[in-house]
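Here the structure is laid out as structure tokens; the discussion comes afterwards.
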Amino acid sequence: MRNRPVGESADRSNDRTAREPHGDRQSGPLQHRRHRHPADGRYLADRAAEIRADDGGHAVLATAAAIRLHRPQRKSLAVDLGLTNKVALVAGGSSGIGLAIARELAAEGAHVAIGARDPDRLAAAERVVREKALGRVHATSVDITDGVAARRWVEEVAAEFGGLHIVAVSGGTPPTGSAVAFDPATYRAAVDEVLMPAVELALAALPYLREKGWGRVLFVASETAAVPIGGLALSGVTRAAITRFAQSLAAAAGRDGVTVNVLAPSSTRTPLLERVLAQRSADGAIDAELAALDAHTAVGRIARPDEIAALAAFLASERAAYITGTVQLIDGGASVLGSSYAPAK
């Protein structure tokens, strides 16, 4: 038992006011903050005490107004992520999670360059990003599986905006299937489509981030970066490789002010997911497929792209300067339910 401080009441444990927040206000005299009048320096409470009854209350109102006028104002509760005028390059920014990230960063004041292969989809994405943008928006049709084209894109963005601070790589979805479903050539193709673009872009951008002494690298992978899923062999191989590359890069660039993190979202309602589910369905309807995915999460639904983008924006911010080398599993609690989980009916 701890020693009771001198003067502490012996029955303090029974004193309700000692156990409740602000409980002491119920028993003691109300303490007032004393404000001085800006004109003569006298305390406003003293001035109020001198008001005569025949003033009709006008002086009381004036004194109260003076107190309100000179009361310290509360600070805004808005969170400044420190992204204003930062330059962000978002690969795979024409749809899904990549587009959501581009839009979120643009809304936070960053200048955003998006890149993707399909010119029509890219043009539509550029319009969407501009709707919320506080800075400049730039769109480039580029195939990031072409290493030369990817490096040239990075160089062009850095030249156009005078530097580079943030790189987010989203894109590349290999076929689904078990480890024995594919031949070695398919494994190599998955590596070229998913792993190598991420490596190429990060290495090409790193000198610009180091030059600024401030950088953020974000890889959008999938839950297979953190959780083994037997039917997603190619995803697991490539996303696990991205994770190990990211962690090594975090160790190499951390002293230069550069953080590196991996986002590992589970099923997210993107246009790509909807197309895949429609292909699986006999009649093209996806409601039943979505319901099955929703059921295997702790929150009862799959993610929205903007929810993944919100985490990406935080990791890209000043607030996340100490977070690096991590894999952020974003699965709505699916991983904690277990494979035998069945929702209550």
Using a strict cut-off of less than 4.0 Å between a Lys/Arg side-chain nitrogen and an Asp/Glu carboxylate oxygen, indicate whether [X] and [Y] qualify as a salt bridge.
{"X": "E156", "Y": "R151", "result": "no"}
{"X": "D256", "Y": "R210", "result": "yes"}
{"X": "R130", "Y": "E126", "result": "yes"}
{"X": "R152", "Y": "E155", "result": "no"}
{"X": "R239", "Y": "E223", "result": "no"}

* Greater than 12 external heavy atoms within 6.0 Å of R244's CZ ->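 Check fails, neighbour count at 12 or below.
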
Find out whether [X] and [Y] are in side-chain contact, i.e. whether some heavy atom of one side chain is under 4.5 Å from a heavy atom of the other.
{"X": "L89", "Y": "W153", "answer": "yes"}
{"X": "L81", "Y": "E318", "answer": "no"}
{"X": "L293", "Y": "L277", "answer": "yes"}
{"X": "L263", "Y": "L315", "answer": "yes"}
{"X": "T243", "Y": "F219", "answer": "no"}
{"X": "T145", "Y": "M196", "answer": "no"}
{"X": "R269", "Y": "R304", "answer": "no"}
{"X": "S95", "Y": "R121", "answer": "yes"}

Linking I/L/V/M/F/W/Y whenever their side-chain heavy atoms sit closer than 4.5 Å, directly or via other members, would [X] and [Y] fall into one cluster?
{"X": "V191", "Y": "V194", "value": "yes"}
{"X": "L273", "Y": "V220", "value": "no"}
{"X": "L209", "Y": "L201", "value": "yes"}
{"X": "V90", "Y": "V199", "value": "no"}
{"X": "L232", "Y": "F182", "value": "no"}

Donor-acceptor under 3.5 Å ([X] side chain, [Y] main chain):
{"X": "D294", "Y": "I302", "answer": "yes"}
{"X": "T268", "Y": "S266", "answer": "yes"}
{"X": "T238", "Y": "S235", "answer": "yes"}
{"X": "H165", "Y": "V87", "answer": "yes"}
{"X": "S317", "Y": "R319", "answer": "yes"}
{"X": "H111", "Y": "R136", "answer": "yes"}

* Which is it for L122 and D118 under the side chain to side chain contact (heavy atoms under 4.5 Å, CB included) test, yes or no, and what are the steps along the way? -> CA-CA 6 Å; L122 185 65; D118 188 318; 6.0 Å; no

In Å, rounded to the nearest 0.5 Å, how long is the span from [atom1] of [X] to [atom2] of [Y]?
{"X": "E274", "Y": "L290", "atom1": "CD", "atom2": "CG", "result": "7.0 Å"}
{"X": "T140", "Y": "E160", "atom1": "OG1", "atom2": "CD", "result": "9.0 Å"}
{"X": "R117", "Y": "D143", "atom1": "CZ", "atom2": "CG", "result": "5.0 Å"}
{"X": "L206", "Y": "L164", "atom1": "CG", "atom2": "CG", "result": "10.5 Å"}
{"X": "S335", "Y": "I229", "atom1": "OG", "atom2": "CD1", "result": "10.0 Å"}
{"X": "L311", "Y": "N261", "atom1": "CG", "atom2": "CG", "result": "8.5 Å"}

Restricting to non-hydrogen atoms, name the atom on [X] and the atom on [Y] that form the minimum distance, rounded to 0.1 Å.
{"X": "V167", "Y": "A205", "answer": "CG2-CB, 3.3 Å"}
{"X": "P174", "Y": "A190", "answer": "CB-CB, 4.2 Å"}
{"X": "L105", "Y": "A88", "answer": "CD1-CB, 3.7 Å"}
{"X": "A226", "Y": "L329", "answer": "CB-CD1, 4.3 Å"}
{"X": "A198", "Y": "V169", "answer": "CA-CG1, 4.0 Å"}
{"X": "A334", "Y": "H296", "answer": "CB-O, 3.1 Å"}

* Any side-chain donor paired with an acceptor under 3.5 Å for T224 and S222? ->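 On atom types as modelled, these side chains qualify, holding a pair under 3.5 Å.
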
* T259 and T324: side-chain donor and acceptor closer than 3.5 Å? ->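 No donor-acceptor contact under 3.5 Å links the two side chains.
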
* To do: Before giving the answer on side chain to side chain contact (heavy atoms under 4.5 Å, CB included), spell out for I308 and E104 the whole-Å C-alpha distance, their side-chain angles and the decisive distance to 0.1 Å.
  => CA-CA 10 Å; I308 312 303; E104 188 79 12; over 6 Å; no

* **Positive for side-chain contact (heavy atoms from CB on, under 4.5 Å) with E108, one of T84, L83, L134** =>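 The single option meeting the side-chain contact (heavy atoms from CB on, under 4.5 Å) with E108 is L83.
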
* Asked: With a cut-off of under 6.0 Å to the ring centre and 45° to the axis, is R216 in cation-pi contact with W214?
  ->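 Verdict for W214: a cation-pi partner in R216.
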
* Sequence neighbours left out, what pairs pass side-chain hydrogen bond (donor to acceptor under 3.5 Å, both in side chains) with at least one residue falling in residues 186-198? =>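 side-chain hydrogen bond (donor to acceptor under 3.5 Å, both in side chains) check on residues 186-198 returns D183-T186.
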
* To do: Run the numbers on F314 and I323 for side chain to side chain contact (heavy atoms under 4.5 Å, CB included), then give the verdict.
  => CA-CA 10 Å; F314 173 73; I323 303 174; 3.8 Å; yes

